[in-house]
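Both backbone and side-chain heavy atoms feed into the values below; hydrogens, waters and symmetry mates do not.
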Amino acid sequence: MRALVCAVAYFSFSMCVFAQAQKQPAPPDLPETTATNFLNPRLAEKPQPRNMTYKGKSIMAFTEAEVPVEAVGDPQAYAYHENSALGLGKGFDPRDVSQYKRGCIKGQQVAIDTGPVDTNLRVIYVRDRNQLNFSMNYDSKADAAFLTAKGSARFSVDTSGAFDSDAITVVMTGKTDFGRWGLDADADLTEDAKKLLSDGKKFAEICGTRYVAAERRGASVSAVITISRVSSEFKTEFVSEFAGKGGWGDLSASAKSKLTLALRYARYQSRANVQVFATGGGGLSSLKEGLEKIPLDEKDPLSKTFEALGGFLNGFTAANAAPIRYYVASMKQFGWDEYSVDPWTDAREESLRTLVQWYRNASLEVELYQQLHDTSSLLYRYLGSERATIELKDEEEAKLLKFADAKAHATCKQETRLVACSMPAYGAIGFYNIVAELGPPKMLFQCLTNPGAIFTDEQKTRLILSTARNVRFEFVKGLMPGAEFVQCSFSIDLAMLGDEYKNIVASRQGFDYATGGEDWVHDWRAGGGGMYFWYLWPIYNNPPGFENTIIEWFGKHRGDFSGTYFIEFEDRLNRRFRLPFYTAAWHGTGGGLTKFEWEVLQ
């Protein structure tokens, strides 16, 4: 049993550690983050709203250029969140933006921008929850302030597995901007609020320390695409596209090309998960259905996704637009003493966000341990009696950690003396990682050549199997001079640990016709983890590979046909998976082929 350090004694410096997560850099086309994490707020003066004119009257509002993306603890701009207490003319406290304050400002709301409606589309690669929130125009501060086991009740995006080492998550977002609204020049504190100014701390408690000076209204819709079980080779190649961009950001044309190819193959094998999220409006279910209906053989699924997002945004007007960004200012503009309270620092905000993620991980672990008490559950059957008994020894510690994370989260928002929040030594046991072992399978192709028994990488394997069979060996020798033979095989790559031949109980093969219907090439057989796909050694008689068997089966047809060849298998947990791995279009004569086009889904 691991020792639980600092589960309760949060104020003991000797038992606790301060944690300040490193801020993620902004995508390259955005202003760099500027730190304002100072003990003395006098060292962190921020630009104030300049006067702007509307119909001859001065109004207070930030311009876009004057509101850079900056400190996470006390920023000057906030995004949408359904649990946020922010609203035009409303006061709040940066330490907890989900807490509503009394209405202390009176004033009229006026439109600032009168220009044309602006719509833009972006696709962004993300590596963590904060980057995901940013890409969806969703506020991370409110997400961190509101402690729930799985995020917001209305936030339907499931991030479990989205940031695993063998996963890639991108966010495709469309946003329509209908302009900004602000307060008129006569905006002022209410008479009751003015009476509180003599006691700055009490004023902050009742009215807040910041207020929303302007808000941008519009509509935003996102498709969150997660591709699971990608190869380490592909992920390294894809992530290298962002080496000079802080490791995340907008996709270049090259990155989009790589993503498109991976997405096509992943969709065939049910390894691509698409979720949708919008800042208001209805029709999300129909949008998701539309995205799911994009044909598997679509060559450019990203463009089709953008078309669907754009169509969804067409349903919004200025009349039904929602606030998508808030620009805030200090209550000191109304005479409040900003030095009467301690500032909310970047370090404490980062601590709060870390605690939320720890709490969610610990909550998931508690759920998983509960499943282990059910001998019929998928998790219990996967682990088996012996390992389940061992794992359950940590159940009570997981519950304590969940409690410790929740208590530290509450204390973090309440404590005013510390620069950073007191943190438990660790937030979860790590048992939540077991979920990845129950993930989807994928097809794995590899080609072996000599001299040196060299396995080809993913790109070369794809090139080899995409080359016409009668010139394929010459192509291999061009790629790898000196090659005397080539042996390409495929296997079912399972996420679960253990011998795949024991984990795969039975398999069968079939063909799904593009015109509808399917044929079974052979019925259920025991095992079926993998086999030779194509084999050539010129000085020997070559046994027919699996590709030969497929082509012979195609040739028995008469007429024009097209579709997808697949393997269906059942694992030892009684789960069934269908893995398409070969598309073809051909003309069969009943004994051969006169036309043949194919693609190996590698």
Side-chain angles (χ1 to χ4, degrees), residues 36 38-42 44-46 48-49 59-62 67 71-110 139-147 181-215 323 325-346 348-349 351-352 407 409-419 421:
T36 59
F38 298 104
L39 289 176
N40 187 344
R42 291 185 177 86
E45 290 296 328
K46 300 178 181 178
Q48 297 303 314
I59 57 177
M60 296 185 295
F62 285 104
V67 189
V72 296
D74 188 11
Q76 292 181 326
Y78 290 74
Y80 166 87
H81 195 287
E82 70 273 9
N83 291 322
S84 172
L86 274 63
L88 186 55
K90 302 293 184 182
F92 68 96
D93 190 328
R95 75 181 59 241
D96 189 352
V97 296
S98 66
Q99 185 180 70
Y100 284 84
K101 301 293 184 179
R102 182 187 300 176
C104 293
I105 298 175
K106 57 182 179 180
Q108 297 296 316
Q109 298 185 10
V110 293
D139 194 62
S140 287
K141 276 185 65 66
D143 193 38
F146 198 78
L147 187 65
W181 275 252
L183 298 175
D184 64 13
D186 295 329
D188 198 359
L189 294 178
T190 63
E191 294 304 316
D192 288 342
K194 289 178 182 179
K195 296 176 183 178
L196 297 171
L197 288 174
S198 59
D199 186 341
K201 187 175 182 179
K202 187 174 183 179
F203 179 93
E205 292 176 354
I206 295 176
C207 298
T209 62
R210 303 288 184 267
Y211 76 98
V212 177
E215 66 182 21
R325 198 154 186 82
Y326 303 97
Y327 304 108
V328 306
S330 173
M331 283 289 195
K332 72 178 183 180
Q333 291 183 348
F334 298 110
W336 170 69
D337 179 10
E338 64 177 326
Y339 306 125
S340 59
V341 297
D342 293 326
W344 179 254
T345 64
D346 285 359
R348 297 178 69 183
E349 178 66 29
S351 298
L352 201 66
K407 181 126 174 77
H409 183 272
T411 304
C412 183
K413 292 195 293 183
Q414 296 166 3
E415 179 60 58
T416 60
R417 297 171 297 170
L418 304 178
V419 177
C421 296

Would you please name every residue forming a side chain to side chain donor-acceptor pair (under 3.5 Å) with Lys202, sequence neighbours left out? none
Could you tell me which residues satisfy salt bridge (Lys or Arg N to Asp or Glu O under 4.0 Å) with Glu215, sequence neighbours excluded, listed by chain and number? Arg217
With a 6.0 Å cut-off (strictly less than), is the heavy-atom count around NZ of Lys195, excluding the residue itself, greater than 12? no
Would you say that more than 12 heavy atoms from the other residues, nucleotides or ligands in this model lie under 6.0 Å from the NZ of Lys201, or not? no
Step by step, work out the ring-ring contact (aromatic ring centres under 6.0 Å, His included) result for Tyr326 and Phe92. CA-CA 12 Å; Tyr326 303 97; Phe92 68 96; 8.8 Å; no
Could you check if a side-chain atom of [X] sits within less than 4.5 angstrom of a side-chain atom of [Y], using non-hydrogen atoms only?
{"X": "Pro343", "Y": "Asp74", "answer": "no"}
{"X": "Leu352", "Y": "Arg95", "answer": "no"}
{"X": "Leu183", "Y": "Tyr211", "answer": "yes"}
{"X": "Glu349", "Y": "Asp346", "answer": "no"}
{"X": "Pro94", "Y": "Tyr78", "answer": "yes"}

In chain order, what residues pass the side-chain contact (heavy atoms from CB on, under 4.5 Å) check against [X], with sequence neighbours excluded?
{"X": "Ser84", "result": "His81, Leu86, Ala142"}
{"X": "Leu197", "result": "Leu189, Phe203, Trp336"}
{"X": "Lys101", "result": "Asp93, Gln99"}
{"X": "Gln108", "result": "Asp184"}

So which heavy atom on [X] is nearest to which on [Y], and how close?
{"X": "Ala145", "Y": "His409", "answer": "O-CE1, 3.4 Å"}
{"X": "Gly103", "Y": "Thr190", "answer": "O-CG2, 4.1 Å"}
{"X": "Ile105", "Y": "Gly89", "answer": "CB-O, 3.5 Å"}
{"X": "Lys90", "Y": "Ala85", "answer": "CB-O, 4.3 Å"}

Mind checking the CD-OG spacing from Glu82 to Ser98? Nearest 0.5 Å is all I need. 11.5 Å
If I take atom CD from residue Glu205 and atom CZ from residue Arg102, how far apart are they, to the nearest 0.5 angstrom? 11.5 Å
